[in-house]
Engineer: 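Below are the structure tokens for one structure; questions will follow.
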2 protein chains.
Amino acid sequence: MKTALGRGLDALIPEKGLEIVNLQISKIVPNKKQPRKNFKDSALKDLAQSIKERGVIQPILVSKKNDGSFNLIAGERRWRAASMAGLSKIPAVVKSVDEKDSLEIALIENIQRENLNPMEMASSFDYLLNTYDLTQDALSQRIGKDRATIANYMRLLKLPVEVQKLVSEESISMGHARAILGADNKKKQIDVARTTVKKGLSVREVEELIREKVKIKKKTEKRPADPHVKDVEERLTSSLGTKVHLKHKGGKGKIEIEYYSLEELDRLLEMLT
Amino acid sequence: MKTALGRGLDALIPEKGLEIVNLQISKIVPNKKQPRKNFKDSALKDLAQSIKERGVIQPILVSKKNDGSFNLIAGERRWRAASMAGLSKIPAVVKSVDEKDSLEIALIENIQRENLNPMEMASSFDYLLNTYDLTQDALSQRIGKDRATIANYMRLLKLPVEVQKLVSEESISMGHARAILGADNKKKQIDVARTTVKKGLSVREVEELIREKVKIKKKTEKRPADPHVKDVEERLTSSLGTKVHLKHKGGKGKIEIEYYSLEELDRLLEMLT
DNA sequence: GATAAAATGTTCCACGTGGAACATTTTAAT
DNA sequence: ATTAAAATGTTCCACGTGGAACATTTTATC
């Protein structure tokens with residue numbers, strides 16, 4: 001199928017064994033294995049819509065048969081979606097080596113190919129949510145995962161960079177990382193992450209560790225509402241005509257005064273100055 | 001980058017937005033995210049070797065930057081392996097739409113793409129083992145999965161077709177299916193599979209169900225070795241000069257006589273006729 | 001400012017997967 | 001024919017993932 005070409009066009013022609021052509025979709029025969037149930041019909045429809053709008057991004061992989069048709073090696077989902085999208089042709093890499101070798105390669109690549117690691121997933125979700133102004137719910141429907149799953153990936157982005165790196169490197173899993181998020185400050189998160197790697201803790205063990213830490217923290221912080229504080233809050237609330245909270249601890253704290261407009265801010269400023 | 005071409009060559013040029021070129025590997029910049037640790041170095045080396053022998057099967061996906069270099073969108077493993085293989089150029093699909101859209105597409109395709117279902121995995125392993133005369137151990141090293149994992153996939157091929165279909169359709173998982181294999185005949189396997197679907201049993205529940213069935217079967221079959229049978233076996237073994245087993249049950253059975261060469265077969269035939 | 005609804009954040013744990021560990025069969029060597 | 005080694009078969013269960021269920025925050029409405 002490779003034709004003689006003039007200089008300069010050579011760069012367009014791929015290396016040995018790799019030819020890209022637009023093939024009639026109807027000339028492509030899927031694998032002889034039983035027709036596979038699609039992952040999610042809604043996902044296939046989404047892909048079809050995307051293909052309709054932007055075309056097929058990556059060519060499928062086929063091998064040429066003697067009768068002029070082509071065996072589909074990889075990319076069946078794109079092939080089906082392209083058909084659903086109403087295309088009559090699809091870009092395909094045609095393997096000219098014999099079927100045996102190409103099938104081996106395709107299988108091994110398929111089995112081995114890297115998926116995005118959890119940090120990449122998280123960044124991707126973040127990017128998609130912000131770029132397209134989507135809610136988590138909307139994105140979940142597009143990609144076929146639960147909203148909570150997306151939320152949990154997103155939370156990974158709040159970890160200290162050192163911990164994110166441990167996830168990327170697969171030193172800890174996203175399950176560990178999610179549990180580590182429960183530690184109440186970054187330093188503690190780093191400490192727990194390091195302990196997790198050092199001691200080879202399981203996800204359940206990290207969850208338990210964090211649960212204990214939270215329980216201890218709550219125990220030390222638990223104290224009855226200080227009536228004195230309450231009293232001061234109430235007096236200030238009454239006096240200023242808006243809600244006032246006292247963040248009081250260990251003899252010090254903050255007074256938080258709420259306002260809901262510039263007018264009210266002005267009013268408060270007058271009263272306080 | 002698309003050049004005017006004569007008639008006939010047009011078919012070689014892909015549709016809108018899809019251009020295939022051989023790019024200098026050094027001109028391709030991987031994603032700005034932190035460099036990802038490879039899935040398995042040995043797997044990457046295998047891929048590099050495969051690329052050395054057969055070239056890159058599928059082009060990588062890149063987007064063009066204004067400074068003449070290219071951002072790597074998908075196919076980093078192949079890009080790294082090609083570099084390891086000593087190639088200076090790699091076939092690439094160049095996305096000419098703006099980066100935002102192409103990233104969305106690539107991400108969604110990456111997240112959503114279908115992996116082989118367990119029956120396809122099993123068939124693939126079977127094919128590779130037989131076609132290349134590999135041991136399970138050799139294949140396990142090639143694809144980065146444990147030998148026992150491959151063995152367990154292969155076992156799925158021994159299920160009744162009806163049960164295999166349930167796995168393909170994801171009505172039951174390969175975990176269920178593996179457990180179902182423990183049922184001692186095909187009919188029972190089908191029965192358990194149907195029960196599993198009907199009652200929505202978990203893998204642990206199916207394992208337990210089979211364990212109980214095996215236990216019951218062993219209980220009903222457990223009986224002391226019949227000295228009569230042993231005696232007959234010994235007499236026959238002595239008489240024929242080779243090992244003889246009696247498969248005796250419920251008043252009937254089979255006599256199994258072992259032989260290790262055509263000569264011995266001849267000898268036995270003479271004695272038995 | 002109050003309230004309801006929408007959206008997001010968080011924790012716990014049931015699930016199927018993958019493989020460790022062992023069992024059995026097959027093959028090779030003698 | 002016997003034995004050892006290699007190869008394959010099988011079962012049990014610890015693991016991390018994904019999401020159910022609930023908690024909290026944010027936004028919209030009045």
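The figures that follow rest on heavy atoms only: side chains count, while hydrogens, waters and symmetry mates do not. So that the names make sense, note that chain A is the first sequence line, chain B the second, and so on, each numbered from 1. If you're wondering where the values come from, they're calculated on a predicted model, not measured in any experiment.
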Engineer: Could you give the OH-to-C1' distance, from A/Tyr153 to D/dT17, as a whole number of Å?
Structural biologist: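 Rounded to the whole Å, the gap is 8 Å.
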
Engineer: For residues B/Asp126 and B/Tyr153, determine if any side-chain heavy atom of one lies less than 4.5 Å from a side-chain heavy atom of the other.
Structural biologist: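 No; the side chains remain at least 4.5 Å from each other.
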
Engineer: Answer yes or no: does a side-chain N or O of A/Arg211 lie under 4.0 Å from OP1 or OP2 of C/dC12?
Structural biologist: yes

Engineer: Can you name the salt bridge (charged side-chain N to carboxylate O under 4.0 Å, His left out) partners of B/Glu208, sequence neighbours left out?
Structural biologist: B/Arg211

Engineer: Atom NE2 of B/His176 and atom P of D/dT11: how far apart are they, to the nearest Å?
Structural biologist: 16 Å

Engineer: Between A/Gln136 and C/dG9, does any side-chain N or O lie under 4.0 Å from OP1 or OP2?
Structural biologist: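 So the side chain of A/Gln136 is within the cut-off, an N or O lying under 4.0 Å from OP1 or OP2 of C/dG9.
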
Engineer: C/dA6 P sits how many Å from A/Asp133 CG, rounded?
Structural biologist: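 Result: 17 Å.
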
Engineer: Please state whether the base of D/dT17 and the side chain of A/Asn152 form at least one donor-acceptor pair under 3.5 Å?
Structural biologist: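 Flag unset: no donor-acceptor pair detected.
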
Engineer: Would you kindly compare B/Leu181 and B/Leu134 by the position of their nearest DNA chain D nucleotide and give the one closer to the 5′ end?
Structural biologist: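 It is B/Leu134 whose nearest nucleotide is closer to the 5' end.
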
Engineer: Within this structure, what is the CD1-to-C1' distance between A/Ile180 and C/dT11, rounded to whole angstrom?
Structural biologist: 15 Å

Engineer: For A/Met154 and D/dG18, give me the distance from atom CE to atom P, rounded to whole Å.
Structural biologist: 16 Å

Engineer: In residues 196-209 of chain A, which residues come under 4.0 Å of DNA chain D by heavy atom?
Structural biologist: A/Ser202, A/Val203, A/Arg204

Engineer: OP1, OP2 of C/dT17 versus side-chain N and O of B/Lys145: anything below 4.0 Å?
Structural biologist: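 So the side chain of B/Lys145 is outside the cut-off, no N or O lying under 4.0 Å from OP1 or OP2 of C/dT17.
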
Engineer: Mind checking what makes side-chain contact (heavy atoms from CB on, under 4.5 Å) contact with A/Ala177, not counting sequence neighbours?
Structural biologist: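 For A/Ala177, the residues satisfying side-chain contact (heavy atoms from CB on, under 4.5 Å) (neighbours in sequence not counted) are A/Leu156, A/Leu159, A/Val167, A/Ile172.
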
Engineer: Pairs in or reaching into residues 161-214 of chain A: which pass ring-ring contact (aromatic ring centres under 6.0 Å, His included), with residues at least two apart or in two chains?
Structural biologist: none

Engineer: Mind checking what makes side-chain contact (heavy atoms from CB on, under 4.5 Å) contact with A/Ala148, not counting sequence neighbours?
Structural biologist: A/Asp146

Engineer: Between B/Ala179 and A/Ala148, which residue's closest nucleotide on DNA chain D lies nearer the 5′ terminus?
Structural biologist: B/Ala179

Engineer: Please state how far atom CG in A/Leu129 lies from atom P in C/dA7, giving the value in whole angstrom units.
Structural biologist: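 Going from A/Leu129 (CG) to C/dA7 (P), I get 12 Å.
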
Engineer: Classify A/Ser173 by what it touches in the nucleic acid, base, sugar-phosphate, or nothing, heavy-atom distance under 4.0 Å.
Structural biologist: sugar-phosphate

Engineer: Using side-chain heavy atoms (C-beta onward) and a distance below 4.5 Å, is A/Glu162 in contact with A/Lys186?
Structural biologist: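 Counting from C-beta outward, A/Glu162 and A/Lys186 never come under 4.5 Å.
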
Engineer: Round to the nearest Å and state the distance from A/Met121 atom CE to D/dT17 atom C1'.
Structural biologist: 11 Å

Engineer: For A/Ala193, enumerate each residue passing the side-chain contact (heavy atoms from CB on, under 4.5 Å) test, keeping only those at least two apart in sequence or located in another chain.
Structural biologist: A/Val163, A/Leu166, A/Ile180

Engineer: Nearest to the side chain of B/Arg155, which nucleotide is it out of D/dG9, D/dA20, C/dA7?
Structural biologist: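 Side chain of B/Arg155 sits closest to D/dG9.
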
Engineer: With both distances kept under 3.5 Å, what pairs with D/dT24, Watson-Crick or G-U wobble?
Structural biologist: C/dA7

Engineer: Do A/Asp146 side-chain and D/dT17 base share a donor-acceptor contact under 3.5 Å?
Structural biologist: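 When only heavy-atom distances are counted, A/Asp146 does not reach the base of D/dT17 through any donor-acceptor pair under 3.5 Å.
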
Engineer: Could you tell me which residues satisfy side-chain contact (heavy atoms from CB on, under 4.5 Å) with A/Lys158, sequence neighbours excluded, listed by chain and number?
Structural biologist: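 Per chain and number, A/Lys158 pairs via side-chain contact (heavy atoms from CB on, under 4.5 Å) with A/Leu181.
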
Engineer: The criterion is salt bridge (charged side-chain N to carboxylate O under 4.0 Å, His left out); which residues satisfy it with B/Lys187, sequence neighbours excluded?
Structural biologist: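 Salt bridge (charged side-chain N to carboxylate O under 4.0 Å, His left out) list for B/Lys187, sorted by chain: B/Asp191.
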
Engineer: Counting primed atoms plus P, OP1 and OP2 as sugar-phosphate and everything else as base, spell out the protein contacts along nucleotides 22-27 of chain D at 4.0 Å heavy-atom distance: B, S or - for each nucleotide, 5' to 3'.
Structural biologist: ------

Engineer: Can you find a side-chain donor-acceptor pair between B/Glu120 and B/Ser123 that sits under 3.5 Å?
Structural biologist: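 The answer is no; no qualifying pair exists.
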
Engineer: Looking for any heavy atom pair under 4.0 Å, which part of the strands does A/Met174 touch: base, sugar-phosphate only, or nothing?
Structural biologist: sugar-phosphate

Engineer: Tell me: CD1 of B/Ile150 to P of C/dT17, nearest whole Å?
Structural biologist: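 Atom-to-atom, B/Ile150 to C/dT17, this comes out as 17 Å.
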
